[in-house]
Structures are given as structure tokens and as C-alpha cells.
Amino acid sequence: MSAEDEAIRRDQEERLLQAWKTPTGWRYWSEVNNTQVGLWYMAAAFSFFLFAGVLALLIRVQLAFPDNDFLSADKYNQVFTLHGSVMMFLFAVPIFEAFSIYVLPQMLGSRDLPFPRLSAYGFWCFVIGGVFVCGSIFFDAAPKGGWFMYPPLTTRFQEGLGADIWLLGLSFIEVASIAAAVELIVGILKCRPPGMRINLMPLYAWYVLVVGAMILFAFPPLIAGDLLFELERMLDWPFFDPSRGGDPILWQHLFWIFGHPEVYIIFLPSVALVAMMVPTLARTPIVGYSWIVLAAVGTGFLSFGLWVHHMFTTGLPGISLGFFSAASVAVAIPTGVQIFCFLATLVAGRVARTVPMLFVSGALAIFVLGGLTGVMVAIAPFDFQAHDTYFVVAHLHYVLIGGMLFPVFAGIAYFYPLVGGKMLSPRLGRIAFWLMFVGFNVAFLPMHFTGLRGMPRRVFTYPEGLGFDGLNLISTVGAFILAAGVLVFAWDVVRPKGRQPYGPRNPWNAGTLEWLAEVPPDKPWGVRSVPVIESRYPLWEQPDLVRNVDAGRYYIPDAEERKRETLVTSVLDAEPEECLRLPGPTYLTIAAAASTGGVFIFSTFHWWWAAAVSGLLGLATILVWLWTGTALVPEKPWKDVGMELELPLYRSGPESVGWWAMFITMLGDSTAFASLVFGYFFYWTVHDDFPPEGAGPDLAWPAVAAVCILGSWLLTLGARSWNREGRGTAFTVALGVAVVLAVAGAAALLIAPAGLDPTSHVYPAIVWVLMIWAALHVGLGVVMQGYVLARRWAGRLTAEYDIDIRNVALYWHFAAATAGVTVAVVAGFPLVG
Amino acid sequence: MVKSPRLRDSLWMLIAAPTIWSLHFLFSYVTAAVWCAKLAEGASLGGARTAVAMYSAAAIAAIGAVAHYGWRRHCQETRHPHDVPTSHGRQRFLGFAILLLAGLSAVAVVYGALPAAFIASCH
């Protein structure tokens with residue numbers, strides 16, 4: 001490299017560093033770069049894991065001896081409920097989101113994912129909600145109905161705020177999960193490096209794509225269930241109260257439509273970690289790439305056909321059990337395919353005996369055992385015997401610890417050098433592994449027998465002499481050995497490493513792009529230049545890749561305008577489409593998370609005014625965030641991104657990442673709505689007289705609502721076209737009338753059920769919920785219509801730069817469909833009946 | 001850059017077969033649930049079993065069509081490996097993945113149909 005080239009390179013790096021500089025001091029917390037936020041996210045999730053681990057030890061101490069009084073029954077209920085809830089909601093799912101937003105930009109050779117502020121917002125929501133839920137136990141106010149919160153136990157037999165804290169706190173965290181899903185799906189589909197066609201994508205990205213999609217269809221039913229549950233607890237709307245037409249089984253359906261896919265939402269990303277580590281550790285490409293993609297996609301689908309296997313003992317018809325039992329057995333096929341692919345890769349390669357490999361081997365051994373007991377409990381007659389016993393506790397821990405925790409620990413040991421450039425201690429890693437592996441099996445293997453001997457789960461103690469005593473004591477000893485292993489590992493992660501030398505770059509000699517990371521890792525720009533990819537293992541098979549990336553010979557090697565940028569590419573073949581400007585540090589995300597969090601937290605204590613004020617603040621913050629940070633008109637239409645390529649700085653409609661984010665968000669939203677509609681028809685199946693004769697509402701007001709909302713939708717679509725044609729007046733008039741019609745439509749939706757008392761019976765209650773849901777969506781549509789009007793007046797939305805109106809039009813497709821289906825169900829179905 | 005052939009359709013086709021399984025599953029479950037709750041005279045599953053059999057035949061036929069599509073995609077190009085960095089490699093990979101998913105979905109549909117073949121009562 002000549003001196004002149006060297007000088008150019010230094011200048012480029014200087015400008016890139018300025019653009020991507022991490023703020024210092026207090027402003028550090030305003031950073032939104034996914035790599036930084038991912039680190040915070042992982043640290044927070046891991047802290048919640050340690051907290052829930054301590055709760056597990058409390059459980060085991062209480063159960064070590066018969067008739068123990070270490071914990072009272074009430075405290076025990078709080079402890080085991082929080083243990084399960086925190087492990088599932090605050091560790092298992094978030095740790096995957098955290099790691100994904102941390103590593104995906106690097107794995108995809110991208111500067112960052114498309115919505116860094118959304119990730120930061122999700123992270124702050126997660127922290128606020130998580131601290132709120134965990135903190136409750138210190139005030140003796142924690143939830144105590146088990147992690148699935150079954151009514152009527154939690155609606156009629158438990159005092160206090162615990163259930164509200166669970167419902168509202170965790171609903172808030174689910175918002176963070178959906179935010180992460182949007183970021184990850186769009187990131188994988190649109191931010192891959194040029195040339196990384198869909199057949200060359202790292203398997204991790206395939207898995208995350210599947211899991212992101214699963215989150216969109218799994219979490220919303222729980223949000224819908226939470227809404228019904230909270231309305232029952234706060235306003236006495238009887239969704240789960242059989243004396244007024246409700247049915248607690250509906251909660252079980254909604255919970256497990258979420259709950260079973262969630263097991264796979266936890267499991268698949270961990271398998272994805274294994275799929276990334278195994279080829280490196282076996283020093284050979286993965287065997288059966290296409291088969292693993294089959295397994296990931298197939299498992300993603302089949303996992304939605306399993307939920308009733310948690311409800312085998314609720315008295316559903318045998319044939320229903322049969323359908324779910326069949327799907328539960330079928331899901332073992334793709335699960336097995338992945339395991340065989342990993343084993344084949346290990347056999348085909350030369351395995352390095354490293355700490356990550358130890359944890360991977362342990363994971364496979366434990367998970368296979370858990371999977372086999374899973375097939376046992378998928379058989380309904382066996383489940384009738386084992387249901388609600390410690391056999392199930394043993395099974396789920398084998399699945400989750402083998403399928404998730406051990407791979408995560410393997411992943412930490414493997415990816416740790418990416419964070420600080422230093423290696424973990426192999427000696428401490430081996431000690432930790434053996435303590436954990438032995439401790440785990442000593443703790444959980446006996447539980448199979450405790451369960452088969454008849455010990456029910458969730459009892460706070462047991463009398464001596466029933467055959468449980470020795471087994472429980474062994475389990476407790478094992479739990480402490482497991483905890484010791486976790487502690488050793490945690491110490492290795494956090495111990496000061498100031499004097500330890502940096503490890504080599506790409507220490508495992510891996511083939512995928514995240515190992516481009518420089519040592520020491522002090523460059524916050526993600527990747528020096530965005531490479532062209534021609535292989536599944538570019539670091540193995542593209543000889544000069546690292547040198548060329550470092551020398552800035554690929555795309556966007558510079559930041560002339562000192563702005564954060566990344567490439568957007570096409571979905572299938574990763575052809576460059578846009579140079580995307582990314583937003584920089586801001587406190588708006590923290591403010592938005594705090595104010596939206598306030599709505600949920602204040603509502604828990606019935607402080608309605610505070611909740612309303614917080615909600616308005618949240619809306620205002622989000623509007624400021626959108627106004628100042630999104631759909632910005634660039635100073636020039638095209639930009640030279642290097643390698644003799646010019647790309648646009650602005651794309652709208654389906655070519656833009658924002659359009660996809662809206663589409664994906666609304667898919668999730670529609671799933672929540674579909675869950676409410678499912679609730680309506682569920683009540684129809686369980687009652688002979690549903691809807692009750694002459695219960696209303698009449699046809700008139702719903703019809704008015706439908707016509708108004710249809711008109712508003714059509715005018716919004718018209719405004720989109722007229723804007724593109726530069727017809728400003730037509731745009732303004734159309735949207736003005738659309739606003740009026742939408743307000744009238746929303747009002748008509750709320751007037752329609754005015755004569756119905758939602759506390760009297762489940763029918764008026766479910767009608768009210770559907771109407772309010774639709775009206776809220778139309779109301780939000782009105783805010784959006786007002787927003788785009790203001791944007792055009794301010795010159796931030798033009799005929800050429802029209803992201804906002806195209807996204808709002810997309811939203812209105814969904815809002816109009818929601819209102820249309822609501823009217824058809826509420827006003828139309830009684831006519832059919 | 002040169003646009004690749006048939007850019008839009010393949011990723012949706014990837015999920016076609018499992019989507020057919022989902023619909024088969026949903027229809028079978030809802031039919032049986034509504035039949036037992038609303039329509040059954042006595043406790044006989046009668047009509048619901050016929051309906052599930054029809055759904056299964058339709059689902060298998062549709063999955064067969066998807067499998068054929070995947071097979072053609074996989075075989076119509078010259079026999080590149082799946083990991084070559086060209087649109088042909090991508091197409092062959094997607095074709096193979098579509099075919100595999102069709103196989104899994106077909107097995108899952110047959111599994112799903114079996115309860116209706118063996119169970120005759122709503123109890």
C-alpha cells in the first residue's frame with residue numbers, strides 16, 4: 001500500500017470513528033448501536049438468570065427435608081412462580097434477543113441492523129419491566145399462581161397485586177420481544193452483505209428468522225389473554241368466570257398457544273449457536289445445511305400444533321387430544337434431523353477438545369434425554385399419569401437446560417473473545433462444566449422417580465415416609481453443585497483481565513464473518529468495509545477477504561458526511577439496493593420506555609390518572625422520535641458507496657426497511673386480534689345460547705362504523721397516490737376528510753354496545769373488548785393521518801420522499817380489516833346464528 | 001447488477017407446504033371441536049371423520065404439487081452444489097429445501113389424520 005493510499009485509509013477511519021463514536025460519561029447510556037445495546041441486554045438478562053437461580057436454590061432448600069419450614073407456603077408460591085416466570089420471560093427469550101442484536105450485525109458483515117433505536121427502546125422496556133416484576137418479591141407482593149397463572153386460582157382465590165404485576169409487567173416485556181423480532185427479521189432479510197444469497201446465509205440467521213416469525217405469532221395471543229385477564233381482575237369483566245358465562249379454559253388455550261411455541265423460541269436459537277460452533281470446532285463445514293434449514297422451518301411450524309398437550313387433562317374430546325398428540329410426536333422428526341446433522345459434522349471433522357465443545361456435548365446428551373421424555377408425555381395416556389408431577393418438572397428442565405442453558409454457556413465460552421478480545425480460562429471452564437453437568441443430573445434425574453412415585457409439582461412441602469425424602473435430598477445436593485458450576489463460570493466471565501494478554505484475532509479459526517472482529521475490539525463501526533460474500537464460510541474460502549475488508553476495499557469504507565450508514569440488499573440474492581442512514585445516540589428511547597412503562601406500572605396500582613399522563617407522554621415522545629429521527633430527506637438522492645456503485649439514500653414502500661417493519665408489526669398485531677376473535681367463537685362453542693337471544697348490539701351503529709372506516713381507508717389510499725402525483729390540495733383534503741370519517745367510525749364502534757353491561761355476562765364483555773380494540777386501532781390511524789398531514793406541511797414528506805404516507809397506508813389496510821372483521825363478527829354473526 | 005431469475009416467488013414457496021399442514025391441522029381441530037360441541041347426535045364423530053379425510057386428501061394433493069415444484073427447481077438447473085454463489089445455486093438450494101419441507105409436512109398431515117381414522121367418538 002502506497003503512502004498516499006495509507007493516508008486516505010487513515011482519513012476514512014478517522015471519519016468512520018467520528019460517526020460511530022460511543023458517547024462518554026453519562027451520555028454513554030444514550031448509545032443505540034446494537035453492538036453496545038446487545039452487551040447491556042446480555043448483562044441484564046444474565047443478572048435476571050442469577051436472580052432466578054437463587055430462587056431455585058431457595059426452592060430446593062425448602063424441599064430438601066419433609067415438613068420443612070424454611071419458607072412459608074405463601075412465600076414458597078411466590079418463589080417458584082417468580083423462578084419460572086423470570087427464567088422464561090427475563091432470561092431464556094431475552095438472552096437470545098440480546099445475543100442476536102449483538103452478534104448479527106457482525107455475522108452479516110453489516111455496520112448495524114436497520115432500527116438501532118428500536119432495539120434500545122426494547123432493551124429499556126425489558127429492564128424497567130424486569131426490575132418491576134423481580135422487585136415485587138422484596139415487598140411480599142410477587143405473583144404466586146405459577147408461571148402460567150391459571151384462573152380461577154389467580155382471579156378468585158389469591159389476594160394482592162401479584163397477578164397484576166405478572167400480567168402487566170410481562171405484557172410490557174413482550175413489547176420488547178416484538179420490537180426485537182421486527183429488528184431481527186428485517187435485519188436478516190435486508191441487511192446482509194452483497195452476495196450473501198439466501199443459500200449462503202449463516203445458519204444462525206436462518207434460525208433467528210424462524211424464531212422472529214414465531215414471536216410474531218406466539219406472543220400476541222398471550223398479550224390478548226393478558227388483556228382479558230386484566231379486565232377481569234380490574235373491572236370484573238367475567239371472561240374466565242363460569243358463573244357469568246366465562247370459561248377458565250380459554251386462558252389455558254391462549255396461554256399455551258403462546259407457551260408451547262415459546263419453548264421452541266427458546267430452543268431454536270440455542271441450537272443455532274450449536275450450528276455455528278460445531279463446524280468451527282470440528283473444522284469442517286456443516287453437514288446437511290439444507291436439512292437444518294428444513295428442521296428450523298419445520299419445527300417453527302409444527303410447534304404451533306402442540307399447545308393442547310399441556311391441557312390433556314382438561315376434558316377435551318379424545319380426538320382433539322389425538323391431533324395434538326400426533327403433532328407432538330411429529331415435531332420429534334425435525335428435532336432429530338438437526339441432532340443427526342450435528343453428530344455427522346462432528347464425525348466428519350476433527351473435533352477440538354475445547355470448553356465450548358464440552359458444553360455442546362453435554363447439551364446434546366441432556367437434551368436427547370429430555371426429548372425422549374417429551375415423546376413420552378406427548379402420548380396422552382402416559383401424560384394422564386404423569387401430569388402435574390415432578391416427572392414433568394424433570395422433563396422440562398432436561399429440555400430447557402440441555403436445549404438452552406448448556407448451549408448458551410457454550411456460546412459464552414466461544415463468543416467471549418468478540419466482546420473484549422480476551423479468552424476465558426480453559427481450566428475454569430472445564431471445572432464449571434463438570435460441576436454443572438454432574439450437578440444437573442444429580443438434581444434432575446431423581447425427579448423423574450419422585451414424579452413417578454406421585455409427588456405433585458408446586459407443593460411447598462411433603463410428609464415423610466412417602467418415598468420422596470431421599471430423592472428430594474439428592475436433588476437439593478445436585479442443585480447446589482450445579483449452582484457452584486454456574487458461579488465458577490460467572491466468575492471467569494467477570495474476573496478482572498487487565499493483565500491478561502489479548503487473544504489472537506479469530507481465535508477458534510472460524511469461517512463466518514463475526515470473526516472479522518478486530519483485536520483489541522475498540523472500533524465501534526461494526527465492520528471496516530462491507531464485503532462481497534461468495535461462500536458459506538468466507539473466512540475459510542475467500543483468501544484475501546480479511547485484508548481487503550481491513551484495507552477498506554469493499555463497500556462504504558468511508559463516512560464522508562460523518563453519518564452512520566449501512567447497506568440494504570435484496571431479500572433473496574442480497575443485491576445492493578440502498579445506502580441506509582442510521583440514527584445515532586439519543587435519550588428519546590429511554591424516555592419512551594419509561595413513559596410507556598409508566599402506563600403498565602401505574603395501572604397495576606390503579607393510579608389511572610398517572611397512567612393516562614404517562615401514556616400521553618409516551619405518545620408525545622414517540623412522535624418526537626419519529627419526527628426528528630425517521631424518514632429524513634437526504635441532502636442528495638444518490639451516494640457513491642465504493643466499488644464503482646452508486647445507491648439511493650432513500651427508498652419507500654416495499655423497498656424500504658420501514659415498510660417491512662410496519663408490515664411485520666401489524667402481522668403480530670393481527671394475531672392478537674385473531675386471538676380475541678378466537679375467544680368470541682370459543683364462547684360460542686361452549687354455550688348453547690351464544691350470542692344470547694336479543695342481546696344486541698343492533699346492526700345500525702356497527703354499519704355506520706364500517707362505512708365511515710371504509711371511507712377513511714379509501715381516502716388514505718387516495719392520499720398516497722395524490723401525494724405521488726404532487727397534488728397537494730387533493731392530498732390534504734382527502735386526509736382531512738379521512739380523519740373526520742375515522743373519528744366518526746371509532747365513535748360509532750363505541751356507541752354500538754352502549755346498552756350492554758360488560759360485567760353482567762361474558763357476551764357483552766367480549767363484544768366490548770372487540771369494539772374497543774377496533775376503535776383504538778382506528779384512533780391510532782387518526783394520529784397517523786394527522787402526522788402525515790403535518791409532515792407534508794413541514795416539507796418532510798414530498799412526492800418523491802413518501803415513506804410516511806406509504807407506511808400509514810399500509811397500517812390502514814390492517815386497521816380497516818380489523819374494524820371490518822369486528823363489525824362482521826359482532827353485528828353479522830348473531831344474524832347468521 | 002443483473003437481476004436474478006424469478007426473484008419474488010421462492011421464499012413464499014418455502015413455507016407453502018408447512019402452511020398447508022397448518023391449515024389442515026386447524027381445519028381438522030376446529031371441525032372436530034365444533035362437531036362435538038354443536039352438531040354431534042349422541043357422541044358419534046361421523047361427519048367430522050369424513051371431513052378430516054377430505055381435508056387430508058386435499059392437503060396431500062396440494063403438498064404433492066409443492067413438492068413437484070421444489071423438485072423441478074432443484075433439478076432443472078445443471079447440477080451445481082447448493083452453496084455456489086450464483087442465483088442457480090440459490091434456486092437449487094431453495095428447491096431442495098421446499099422438497100424436504102413438503103416431505104415433512106406430508107408426514108405431519110398423515111399423523112394428523114390418524115386420530116380421525118381410529119377414534120369414532122367425541123368422548
Side-chain angles (χ1 to χ4, degrees), chain A residues 189 194-200 206 210 213 285 289-291 293-295 297-302 304-305 308 315-331 333-334 337 532-537 541 570-577 645 681-682 684-688, chain B residues 1-4 6-8 10-11 14-15 17-19 21-22 25-26 28-30 32-38 40 43 45 48-49 52 82-87 89-94 96-97 99-101 103-105 107-116 118-123:
Chain A
L189 290 179
M196 188 187 273
R197 295 164 197 275
I198 206 119
N199 55 325
L200 303 183
W206 269 109
V210 170
Y289 179 95
S290 311
W291 290 84
V293 173
L294 149 93
V297 178
T299 311
F301 271 87
L302 290 177
F304 280 86
V308 165
L316 292 172
I319 182 126
S320 300
L321 306 190
F323 291 139
F324 286 90
S325 185
S328 305
V329 176
V331 80
I333 298 171
V337 165
V532 178
I533 296 306
E534 295 165 356
S535 154
R536 284 180 188 157
Y537 298 95
E541 294 166 1
S570 63
V571 171
L572 283 182
D573 284 332
E575 291 158 344
E577 288 182 336
L645 182 68
F681 287 102
F682 174 83
W684 171 68
T685 62
V686 298
H687 289 294
D688 292 331
Chain B
M1 285 216 174
V2 182
K3 283 280 177 196
S4 317
R6 275 157 271 164
L7 197 67
R8 284 194 166 270
S10 303
L11 211 52
L14 187 67
I15 58 170
T19 304
W21 167 81
S22 310
F25 185 83
L26 192 68
S28 302
Y29 169 59
V30 168
V34 171
W35 178 272
C36 290
K38 295 280 180 190
L45 264 174
R49 296 174 78 189
V52 171
H82 294 167
D83 59 350
V84 292
T86 63
S87 51
R90 181 260 294 164
Q91 197 160 325
R92 266 177 61 74
F93 157 74
L94 278 176
F96 190 56
L99 184 64
L100 290 180
L101 275 163
L104 175 67
S105 305
V107 172
V109 164
V110 171
Y111 275 30
L114 284 177
F118 290 113
I119 298 177
S121 143
C122 282
H123 292 305

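None of these values were measured; they are calculated from a predicted model. Reminder, nothing fancy here: chain letters follow the sequence lines and each chain counts from 1.
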(request) Answer yes if the ring centres of A/F304 and B/F25 are under 6.0 angstrom apart, and no otherwise. (result)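 Aromatic pair excluded; centres sit 6.0 Å or further apart.
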Please flag which part of [X] lies under 4.5 Å from any non-hydrogen atom of chain A: side chain, backbone, both or neither.
X     : result
B/S22 : side chain
B/F96 : side chain
B/T19 : both
B/L26 : neither

Rounded distance [0.5 Å steps], [atom1] in [X] versus [atom2] in [Y]:
X      : Y     : atom1 : atom2 : value
A/E534 : B/D83 : CD    : CG    : 12.0 Å
A/L572 : B/Q91 : CG    : CD    : 10.0 Å
A/I198 : B/L11 : CD1   : CG    : 4.5 Å

(request) Go through the steps for A/V293 and B/L100 under the test side chain to side chain contact (heavy atoms under 4.5 Å, CB included), then give the verdict. (result) CA-CA 9 Å; A/V293 173; B/L100 290 180; over 6 Å; no
(request) Count the heavy-atom pairs under 4.5 Å between each of B/V107, B/I119, B/V34, B/T86 and chain A, then report the option with the highest count. (result)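 Heavy-atom pairs under 4.5 Å are most numerous for B/T86.
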(message) Quick check against the 3.5 Å criterion: does B/K38 have a side-chain atom that pairs as donor or acceptor with the backbone of A/V686?
(response)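 No; judged by distance alone, with no hydrogens or angles, the pair does not exist.
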(message) Keeping A/N199 on the side-chain end and B/V84 on the backbone end, is there a donor-acceptor pair under 3.5 Å?
(response)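 Pair found, side chain donor or acceptor close to backbone of B/V84.
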Contact origin within [X] toward chain B - heavy atom pairs under 4.5 Å:
X      : value
A/I319 : both
A/V329 : both
A/I333 : side chain

Select, from [options], the one with the greatest count of heavy-atom pairs under 4.5 Å involving chain B.
options                        : answer
A/L302, A/I533, A/V297         : A/L302
A/S320, A/S535, A/G322, A/G305 : A/G305
A/Y289, A/W291, A/F681         : A/W291

(message) Checking B/L101 against A/F301 for the side chain to side chain contact (heavy atoms under 4.5 Å, CB included) test, could you report, in this order, the C-alpha distance in whole Å, the side-chain angles of both residues, the deciding distance, and whether it holds?
(response) CA-CA 10 Å; B/L101 275 163; A/F301 271 87; over 6 Å; no
(request) Taking the side chain as every heavy atom from C-beta outward, state whether B/L104 and A/V337 have any pair of such atoms under 4.5 Å apart. (result)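 B/L104 vs A/V337: side chains apart.
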(request) Evaluate the side chain to side chain contact (heavy atoms under 4.5 Å, CB included) criterion for residues A/L200 and B/F93: first the C-alpha distance (whole Å), next the side-chain angles of each, then the deciding distance (0.1 Å), finally the verdict. (result) CA-CA 10 Å; A/L200 303 183; B/F93 157 74; over 6 Å; no
